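Quick one: structure below, then a few questions.
Being a predicted model, the structure only gives us computed values, none of them experimental. Just the heavy atoms: all of them, side chains too, but no hydrogens, waters or symmetry mates, feed the values below.
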Amino acid sequence: MIDFLPSNSLIQLLTAFTAIGTSILLWKFRKAIEVRFLILLEIFVAIWAFCYALEFGTTVLEEKVRYSQMSYLGIAFIPLTYFFFTTSYSQKFRLVNKRSILITLLIPIITLILVFTNDKHGLIWKDYTLDSSANMLYYKHGIWFWFFDIYAFTLIAWGIFNLVSSISNFTSFYKKQIRILIVASLIPVIANLMYIFNINPVPGFDWTTVSFVLTGLIIAFGIFRFKIFELIPVAREKLLNTMNEGVLVINRNGIIEEANPALIQTFGLNEKTCIHSNFVQTFEQFPEIIKLLQSDDDRFTDFEMQRNKQSFYYQIRITSLHNQLGKLSGKLMVLSDVSSIRRTKNQLTKKNNLLKEQNRRNEKLIDDLDAYAHTLAHDLKNPLSVIFSSSDIILAAAEEGDMETIKEFSAVIKESSAKTISVTNELLKMATAGHEDVETAPIEMEQVYTAALAQITDNILDYKASIEVENSWINAQAYAPWIEEIWINLLSNAMKYGGVPPQIKVGCELNGQGMVKYWVKDNGDGIPKDQHINVFRKHTRLQPDKAGGYGLGLSIVKRIIEKLGGKVGVESSGEKGGGSLFYFKLPAVRVEALHEAR
């Protein structure tokens with residue numbers, strides 16, 4: 001039972017309260033893993049000091065032993081927490097994982113078991129005696145005590161080595177922080193050595209806990225003077241958390257040391273497990289990222305990702321990180337989202353292409369206007385002149401009552417008017433085919449062909465032409481009125497430029513890739529191969545002596561078919577009597593689609 005509080009107890013209580021105060025001071029920086037270990041360290045020191053205060057506050061041997069056993073609830077874990085604090089602070093996170101923590105916990109747990117069962121084996125204390133005059137308990141330590149002491153000093157020495165070796169990896173500002181931590185770390189070590197080897201101004205009194213008062217004060221001084229833990233990692237973490245760019249840091253062993261929220265969200269990573277994991281396993285669904293990070297060279301490249309059926313575009317910069325000795329220490333990846341820029345660029349590209357297409361159409365329109373002007377100036381001039389002159393003659397003949405002359409020149413006017421109407425119709429067809437949008441549908445080609453044939457019955461009789469359909473009709477996707485005009489044009493040309501009398505063959509066949517080839521073959525002299533390219537150009541008449549056309553017919557055919565997604569062409573050897581085969585291709589139509597269209 002505690003009857004009074006001697007000076008030794010007061011010193012230990014002050015130590016405990018100082019350790020707790022240090023923990024409270026550090027709590028605001030608890031997001032950093034190294035600070036969490038330091039808080040645990042101070043808590044274990046407080047437990048040790050408080051139990052030590054109770055031990056000095058009682059004069060009963062059994063109570064002293066019990067409080068001494070309870071102090072190991074703090075003593076057993078102090079070396080471990082100190083080691084992981086220094087390891088984390090020196091950025092050696094590959095050593096801070098569940099496996100290493102569980103392994104290092106084995107000895108503290110065994111020690112606790114042996115402490116509370118010491119009466120049965122004496123592995124911690126072989127014997128202990130109470131000096132009543134000084135109220136001091138003296139221990140004769142067992143073998144496990146010395147084993148645990150070696151374990152504790154090994155971890156502490158390793159921790160100090162971590163701090164010393166990390167000096168070269170930090171800037172001069174952070175070197176001051178590390179030096180403060182090294183000094184603070186050495187004080188409890190020296191105090192514990194004084195106790196173990198009995199180099200002690202107060203025999204039996206363990207100054208280790210008291211030394212932590214000074215350690216806590218030094219760390220507190222470092223916090224306020226040099227901002228320990230305020231810039232590493234608190235301000236840094238705030239910066240990374242608010243960055244729109246994704247940031248990834250891996251060490252030279254491929255372990256992820258840092259990944260900010262932007263990067264975690266971009267790749268859909270697990271925030272709790274990705275830190276301190278191997279980047280190859282973390283990014284196994286992104287082989288391109290793994291390849292970039294495994295490359296020896298720094299990279300700056302584009303990266304595309306599909307997410308929620310939408311494309312996202314990023315720019316990735318990979319930079320090698322080196323310590324002050326020039327050795328590779330890891331890699332930094334910065335990921336910038338450029339999706340909005342890329343989409344804007346794509347939209348601008350589309351608009352640019354549309355403008356180019358519009359310019360092309362405008363150029364074609366200008367070309368057409370030139371063609372119209374040329375046709376009106378040349379092809380309409382003569383018929384209109386004839387009509388004008390014939391009108392004067394008819395008026396003069398009417399005054400004289402010359403009916404024969406009136407009839408003769410009325411026929412001339414009629415013929416010239418017909419030519420004028422023909423030219424006008426061809427111009428209208430070309431203009432319509434070039435600028436009018438129509439909706440295509442399945443058509444029955446036999447019906448369209450029959451309708452076209454009916455319109456040129458007189459021509460067939462005049463030319464005494466024979467027309468033969470060689471096979472069954474295949475239906476197509478097109479616009480019936482335009483296709484009817486095409487049949488009229490091709491059949492009329494076949495009669496004009498064919499043999500005497502014209503022998504014309506018509507047919508169709510599937511031509512692959514879902515297209516139907518329709519053709520008209522005549523028995524004329526044919527067209528030389530070097531002139532095939534000119535056949536479908538405006539104002540081109542290869543045999544002007546045979547027909548009085550105006551050179552627009554086949555150019556209209558070409559424009560119409562291309563408008564409908566097809567193609568035109570000519571096949572001819574150019575040999576006399578070999579004839580020519582003009583064809584056009586259109587998308588084929590299924591029988592079911594034709595029935596649906598009806």
Got a sec: does the CE of Met333 have more than 12 other heavy atoms crowding it under 6.0 Å? yes
Counterpart residues, ring-ring contact (aromatic ring centres under 6.0 Å, His included), relative to Phe50 (two or more places apart):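 Partners of Phe50 under the ring-ring contact (aromatic ring centres under 6.0 Å, His included) test: none.
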Starting from the C-alpha separation in whole Å, work towards a yes-or-no answer on side-chain contact (heavy atoms from CB on, under 4.5 Å) for Val45 and Ile78. CA-CA 7 Å; Val45 168; Ile78 287 175; 3.7 Å; yes
Rounded at 0.5 Å granularity, tell me how far CE in Met305 sits from CD in Glu288.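 With rounding to 0.5 Å, CE (Met305) is 9.5 Å from CD (Glu288).
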Evaluate whether atom CG of Leu355 has more than 12 neighbouring non-hydrogen atoms of other residues, nucleotides or ligands under 6.0 angstrom away. yes
Thr81 (side chain) donor-acceptor with Phe77 (main chain) under 3.5 angstrom: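 Here the side-chain-to-backbone pair exists.
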With a 6.0 Å cut-off (strictly less than), is the heavy-atom count around CD of Gln310, excluding the residue itself, greater than 12?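 Buried by this count: over 12 neighbours within 6.0 Å.
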Start with the C-alpha distance between Val334 and Ile316, add both sets of side-chain angles, then the distance that settles side-chain contact (heavy atoms from CB on, under 4.5 Å), and finish with yes or no. CA-CA 6 Å; Val334 179; Ile316 293 180; over 6 Å; no
Is the side chain of Lys64 donor-acceptor paired with the backbone N or O of Thr59 at a distance under 3.5 Å, no angle test?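 The answer is no, because no donor-acceptor pair under 3.5 Å joins these two groups.
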Taking the side chain from Asn260 and the backbone from Val247, do they hold a donor-acceptor pair closer than 3.5 Å?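 Looks like yes, one N/O pair under 3.5 Å.
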Are Tyr139 and Lys126 close enough, and set up right, to give a side-chain contact (heavy atoms from CB on, under 4.5 Å), and what steps lead you there? CA-CA 8 Å; Tyr139 297 93; Lys126 290 182 179 180; over 6 Å; no
How far apart are the closest heavy atoms of Met515 and Gly565, and which atoms are they? CE-O, 3.8 Å
When rounded to the nearest 0.5 Å, the distance separating OH of Tyr314 from CG of Leu263 is 9.5 Å
Describe, in one word, how the ring planes of Phe83 and Trp158 are oriented to each other, choosing from parallel (under 30°), tilted (30 to 60°) and perpendicular (over 60°).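 Phe83 and Trp158: tilted rings.
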Taking the side chain as C-beta and beyond, is there a heavy-atom pair between Leu105 and Leu80 under 4.5 Å? yes
Under the side-chain contact (heavy atoms from CB on, under 4.5 Å) rule, what do Ile264 and Cys274 come out as? Steps first, then yes or no, please. CA-CA 8 Å; Ile264 291 172; Cys274 69; 4.0 Å; yes
Flag side-chain contact, heavy atom, 4.5 Å: Phe300 against Gln315: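 When only atoms from C-beta onward are counted, Gln315 and Phe300 do touch, with a gap below 4.5 Å.
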Interatomic distance, CG@Leu130 vs CD@Glu62, rounded to 0.5 Å, equals 9.5 Å
Contact summary for Gln69 and Trp125, nearest pair of heavy atoms: CG-CZ3, 3.7 Å
Looking at Gln265, I want to see if its CD is surrounded by more than 12 non-hydrogen atoms of other residues, nucleotides or ligands under 6.0 Å. no
Taking Arg343 for the side chain and Ser311 for the main chain, is one N or O donor matched with an acceptor at less than 3.5 Å? yes
Measure the spacing between CG of Asp337 and OH of Tyr313 and express it to the nearest 0.5 Å. 11.5 Å
Between CE on residue Met70 and CH2 on residue Trp48, distance to nearest 0.5 Å: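 With rounding to 0.5 Å, CE (Met70) is 15.5 Å from CH2 (Trp48).
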Would you please classify the geometry between the Phe286 ring and the Phe283 ring as parallel, tilted or perpendicular, with 30° and 60° separating the classes?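 Phe283 vs Phe286 ring planes: perpendicular.
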Please round to the nearest 0.5 Å and tell me the distance separating atom CD of Glu63 and atom OG of Ser68.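 That separation rounds to 13.5 Å.
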Testing the basics here: between Leu248 and Ala259, what is the closest heavy-atom pair and its distance to 0.1 Å?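 Where Leu248 meets Ala259 most closely, the heavy atoms are CD1-CB, 4.1 Å.
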Within the 3.5 Å criterion, strictly below it, is a donor on Ser320 or Asp298 matched to an acceptor on the partner's side chain?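 Per modelled atom types, Ser320 and Asp298 side chains form a pair under 3.5 Å.
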Begin from the C-alpha positions of Arg342 and Asp302 and carry the test salt bridge (Lys or Arg N to Asp or Glu O under 4.0 Å) through to its verdict. CA-CA 11 Å; Arg342 181 68 65 87; Asp302 293 331; 3.6 Å; yes
How about Tyr128: does its OH atom have over 12 heavy atoms from other parts shown lying under 6.0 Å from it?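 Count not over threshold, so no.
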Report the residue from Asn253, Ile256, Val249, Ile289 that forms a side chain to side chain contact (heavy atoms under 4.5 Å, CB included) with Phe279. Ile256
Give every donor-acceptor pair under 3.5 Å between a side-chain atom in residues 110-117 and any protein atom, sequence neighbours left out.
unit_1: Thr111; atom_1: OG1; unit_2: Ile107; atom_2: O; d: 2.7
unit_1: Thr111; atom_1: OG1; unit_2: Trp144; atom_2: NE1; d: 2.8
unit_1: Thr117; atom_1: OG1; unit_2: Ile113; atom_2: O; d: 2.7
unit_1: Thr117; atom_1: OG1; unit_2: His121; atom_2: NE2; d: 2.9

Between Phe145 and His141, how do the two ring planes meet: parallel, tilted or perpendicular, split at 30° and 60°?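 Ring orientation, 0 to 90° scale: parallel.
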What closest approach, in Å, do Phe148 and Ile75 show between heavy atoms, and which atom pair accounts for it? CZ-O, 3.9 Å
Under 3.5 Å: donor-acceptor pair, side chain of Thr86, backbone of Tyr82: yes
Could you check Thr349 against Asn352 for side-chain hydrogen bond (donor to acceptor under 3.5 Å, both in side chains), going step by step and ending with a plain yes or no? CA-CA 5 Å; Thr349 301; Asn352 190 39; over 6 Å; no
Can you check whether Thr104's main-chain N or O pairs, donor with acceptor, with Tyr151's side chain at less than 3.5 Å?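 Yes; at least one donor-acceptor contact below 3.5 Å.
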Compare all side-chain heavy atoms of Asn278 with those of Gln281 and state whether any distance is below 4.5 angstrom. yes
Compare all side-chain heavy atoms of Val589 with those of Val516 and state whether any distance is below 4.5 angstrom. no
Can you find a pair of side-chain heavy atoms, one from Phe153 and one from Pro79, that are under 4.5 Å apart?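 No, their side chains stay 4.5 Å or more apart.
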Would you kindly say whether Glu42 and Ser23 are connected by a side-chain donor-acceptor distance under 3.5 Å? no
Could you check whether any side-chain N or O of Ser71 sits under 3.5 Å from a backbone N or O of Cys51, counting only pairs where one atom can act as donor and the other as acceptor? no
Taking CD in Gln285 as the centre, count heavy atoms belonging to other residues, nucleotides or ligands within less than 6.0 Å. Is the count above 12? no
Hey, is the main chain of Asn511 close enough, under 3.5 Å, to the side chain of Lys517 for a donor-acceptor pair? no
For the pair Asn118 (side chain) and Ile124 (backbone), establish whether a donor and an acceptor sit closer than 3.5 Å, ignoring hydrogens and angles.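 Side chain of Asn118 to backbone of Ile124, a donor-acceptor pair under 3.5 Å: yes, one is there.
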